[in-house]
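The block underneath contains the structure these notes are about, expressed in structure tokens.
Note that the numbering runs from 1 along the sequence shown for the chain. Heavy-atom basis, side chains included; hydrogens, waters and symmetry copies ignored.
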Amino acid sequence: MHNHDAVDARELAARARTAGKAVSCGNLRAASYGGASTAAAVPNTLPPTPDAQPASPDDDDDGAAKRPARWKRVATALGRAARAPFDGAGALYRVGQDNLHFTLPVLNGAFGDQLAARADRRAIAFSLRRYGADITVADLHLTPAPGGRPRKTVVFLHGLMGDEIIWQTGNGPDDLRFGPRLQQDLNVSCLYVRYNSGLHVSENGRHLHELLAELVATYPEAVGELALVGHSMGGLIIRSAGYYGLIENDETTKPKAGPEPTASGPAQQAAAPDHPANEKPASDAQQPTPKSENTTWLARLHDVFLLGVPNDGSFLEQNSHFTSLVLRKINLWPTRAISGLLDQRSNGIKDLRHALLVDEDWQSEHADDLFPPRTVVPPLPGVRYHVLVGSLLKSANSALHDYFGDGLVGAGSAAGRIFQDRAAPPELLIRTQVYPQLHHGTLLSNPEVYQYLRDQLKP
């Protein structure tokens, strides 16, 4: 009997635990005496715990509800994984569509000189752009600012393998860049140039000079102060245009030699043709009239912004040229073949090696030497130059900063020896700004760079 009573007590304790009751070993007393068995539960004086709550039929319902929720999460994750390839393809398609406009500029940057030589329709013409198409100067229909005042005009030039879009939008139509923002903030007139970046820098420099001369001559009342903004190769083209603009001004304003003196005897006077009093001699009539200072674009040029411009050449092109030269010197058919392929790069890219800005430099028989002759093109007098330099590094005081700079243009080259010359004439107006932790492309969208442009261009 005592053993039977003990078994009953253990069964009661097991049932109490199954029901979720917190019963300690000291609270359960199994009593058996004289064949009688009782189970006495001693009251627990401690506060009940969450585990000690009595079981409820709803607990099973909650567990059943959680199981479908877990299956739903699993199904959602599997669906997301299945859609990932399609979402990725869609993202790539959108990126491709956003950058489709670079296809033709990239082709021209690489082989544009060859396309132009054979009059290929894919060769880009030097032109102003509006609404994604070329536009002539006459079709711009520029108007003065309110009150009849000439409007400040800002002309943007892209770099190698670029186009005008880089100044307008970035990631989507809502990402406005420098041009539209300046137009909204300062009410200036912004014009955008697209050109064949595979041609020589000096060829595009001449085209820019001609375009600006036509712009000022066509809209003398609408075009006020001029500001030119160039990124990378675009800055070199601006400098080249200034060089050719100065040459033309010197030629047109140079005084002509007067007619040779003649004898004043009666015979000579009789032989000389008669000229009416109100008519100049032919020699005088054929002399060109010097251009008025206010009608030239150089006279209206006020600011030049050079963003990441390789003023002393590009280390990438220098290394490419050196590699091609070494392979050619080895003079084996594989090395000659590789060298020949490297030499197929465009004339515009080759000019970046030492920033050749003048025709005579690339026409020289020594143009392919390691250290070819190079014409010095100084800053224009009376023009404010803003040299903006990007750097991948935090610190601007290292050899890595000077050589690699923003990743494509070394900081030393972007700063330019000619702009840092301590012996330069004091009337030159040059300001250099260094922007750390910026690569070559982000110079076109950085808020600090935009703020600098805005502050310098505002009235």
Side-chain angles (χ1 to χ4, degrees), residues 92-136 155-171 177 179 191-208 211 230-238 240-241 307-310 313-321 323-324 337-353 355-357 362 406-409 439-441 443-445:
L92 289 175
Y93 175 78
R94 289 190 294 272
V95 170
Q97 290 296 309
D98 290 341
N99 294 278
L100 189 61
H101 60 93
F102 282 125
T103 304
L104 198 58
V106 168
L107 180 65
N108 276 256
F111 310 107
D113 54 337
Q114 301 173 40
L115 296 175
R118 59 174 182 259
D120 194 298
R121 61 182 181 83
R122 292 168 295 182
I124 292 176
F126 195 102
S127 175
L128 291 168
R129 299 280 288 179
R130 181 179 286 178
Y131 304 126
D134 292 352
I135 185 171
T136 64
V155 181
F156 293 90
L157 282 92
H158 58 79
L160 176 69
M161 300 183 181
D163 63 4
E164 76 282 1
I165 305 297
I166 64 172
W167 299 110
Q168 300 169 358
T169 61
N171 299 321
R177 290 193 171 175
L191 303 177
Y192 308 93
V193 173
R194 190 177 74 160
Y195 61 92
N196 182 348
S197 58
L199 298 179
H200 284 290
V201 169
S202 58
E203 293 181 82
N204 284 319
R206 288 182 180 275
H207 292 324
L208 178 61
L211 179 71
H231 177 244
S232 196
M233 180 188 281
L236 298 180
I237 293 174
I238 290 172
S240 178
L307 281 66
V309 176
S314 166
F315 69 88
L316 292 174
E317 170 55 22
Q318 291 165 4
N319 291 333
S320 298
H321 176 76
T323 301
S324 175
I338 297 174
S339 176
L341 289 175
L342 288 175
D343 289 341
Q344 292 301 311
R345 62 195 187 279
S346 68
N347 290 329
I349 294 177
K350 293 177 180 178
D351 283 351
L352 293 178
R353 180 162 56 100
L356 304 183
L357 308 180
W362 57 265
D406 59 23
L408 293 181
V409 176
H439 62 74
H440 197 62
L443 281 169
L444 298 167
S445 58

Just by modelled atom types, is the [Y] backbone N or O under 3.5 Å from a matching donor or acceptor in the [X] side chain?
{"X": "Asp120", "Y": "Ala116", "answer": "no"}
{"X": "His231", "Y": "His440", "answer": "yes"}
{"X": "Asn196", "Y": "Gly112", "answer": "yes"}

Partner set under side-chain hydrogen bond (donor to acceptor under 3.5 Å, both in side chains) for [X], not counting sequence neighbours:
{"X": "Glu317", "result": "Arg345"}
{"X": "Ser346", "result": "none"}
{"X": "Ser314", "result": "none"}

(message) Among His158, Arg130, Arg129, Arg194, which residue satisfies the side chain to side chain donor-acceptor pair (under 3.5 Å) criterion with Glu164?
(response)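 So the option named by the test is Arg129.
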(request) Report yes or no: do His439 and Asp406 form a side-chain donor-acceptor pair below 3.5 Å? (result)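 No.
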(request) Check the side chains of Ser339 and Ser324 for a donor-acceptor pair under 3.5 angstrom, ignoring hydrogens and angles. (result)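 Side-chain D/A pair, Ser324 to Ser339: present.
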(message) Taking ring pair (Phe, Tyr, Trp, His ring centres under 6.0 Å) as the definition, give me every residue that meets it alongside His321, ordered by chain and number, with sequence neighbours left out.
(response)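 Partners of His321 under the ring pair (Phe, Tyr, Trp, His ring centres under 6.0 Å) test: none.
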(message) If the condition is ring pair (Phe, Tyr, Trp, His ring centres under 6.0 Å), which residues does Phe156 pass it with, not counting sequence neighbours?
(response)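 Phe156 satisfies ring pair (Phe, Tyr, Trp, His ring centres under 6.0 Å) with Trp167, Tyr192 only.
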(message) Using side-chain heavy atoms (C-beta onward) and a distance below 4.5 Å, is Leu408 in contact with Leu316?
(response)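 They are in contact (side-chain heavy atoms under 4.5 Å apart), so the answer is yes.
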(request) Please examine the side chains of Pro310 and Leu236, heavy atoms only from C-beta on, and report whether any two atoms are closer than 4.5 Å. (result)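 The answer is yes, as the side chains (C-beta and beyond) meet within the 4.5 Å cut-off.
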(message) Suppose we screen for side chain to side chain contact (heavy atoms under 4.5 Å, CB included). Which residues come up paired with Leu211, at least two apart in sequence or across chains?
(response)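 Side chain to side chain contact (heavy atoms under 4.5 Å, CB included) list for Leu211, sorted by chain: Phe126, Leu128, Val137, Val193.
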